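Below is one structure, written out as structure tokens; comments come after it.
Since the model is a prediction, treat every value here as computed from it, not as a measurement. We count ligands from 1, going down the list as the structure has it; atoms in each ligand are counted the same way. Computed over heavy atoms, backbone and side chain alike; hydrogens, waters and symmetry mates excluded.
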Amino acid sequence: MRIRVGHLYPDYLNIYADRGNIAVFSERSRARGHELDVRAIGMGDAVPAGEIDLFYIGGGQDREQALVAHDLAGKASALREAVDAGAAFLAVCGGYQLLGRFYRDVAGEEQPGIGLLPLHTVAEKRRMIGDVLLDCDWAGQTLAGFENHAGRTILDDDADPLGRVVAGFGNDGRSGFEGCRYKRAYGTYLHGPLLPRNPWFADHVLADALAHAGGPTELAPLPDELERQAHAVSAQRARTRGGKF
Ligand code: GLN
């Protein structure tokens, strides 16, 4: 199958090697005989309705978010319709914040979001930095990564978090939750990049994208020995030093 990926603002939102997540999607698709077809969707670009199986957006400093936020807000209804029609979406950190209603940054400026995820974010002076470990009971798995954000994300009461924080700060350093899930859209603060050390999640999102592409969603298991070791090291680091200012 050809999996069509829409990479939003790759030249603006790409800190902590977030672009590496695309490389993981590409390698894991190729290993199963599928092909990843990645197109950049940037400033002034339209969102091709029904033509994207998986959207991706990375993280960025407040400055970069401010540069793209209004253009992204102009794509809001097309992106919401695409997800409501079954497209998959992975959003990391600054990109995750802009999938909510708004992001009020450290300077107090309110960046509009696309209102896809039931949440809003307000930055505070002190940044939340460090290793993170999550328990994703909906998948019977854990996620490990690295966070660095000033934003405190507040989920609506009926929102589904991506995971429960075992170690680290997570959405706001208070609620005990991290990220958000809505249909086949996933938002998280976890950088690293996220996917090399969490292969099960890469496959989960790929299966969602394949379902949208009308393909077989079964993915043959891969050896993943190195990935499991990377996860274990990251998880141990989070347990020993995550969530401390
Ligand atoms: N600028 C946002 C914040 O500080 C997001 C940072 C990021 O993407 N790592 O919260």
(request) Mind checking salt bridge (charged side-chain N to carboxylate O under 4.0 Å, His left out) for Glu218 and listing every partner two or more places apart, or none if nothing turns up? (result) none

(request) Output every pair passing side chain to side chain donor-acceptor pair (under 3.5 Å) with a member in residues 38-48, not counting sequence neighbours, ordered by first then second residue. (result) Arg39-Glu51

(request) Keeping to residues at least two apart or across chains, list the side chain to side chain donor-acceptor pair (under 3.5 Å) pairs with something in residues 137-146. (result) Thr142-His231

(message) Check for me whether the distance between the ring centres of Phe146 and His191 falls short of 6.0 Å.
(response) no

(request) Verify whether the ring centers belonging to Tyr186 and Phe201 lie closer than 6.0 Å. (result) yes

(request) Establish, yes or no, whether the cationic atom of Arg126 lies under 6.0 Å from the six-membered ring centre of Phe245 and within 45° of the ring axis. (result) yes

(message) So if I only count non-hydrogen atoms and take anything under 4.0 Å from ligand 1, which residues does that give, chain by chain?
(response) Ile15, Gly59, Gly60, Gln61, Asp62, Gln65, Cys93, Gly94, Gln97, Tyr103, Arg127, Asn148, His149, Ala150, Gly151, His191

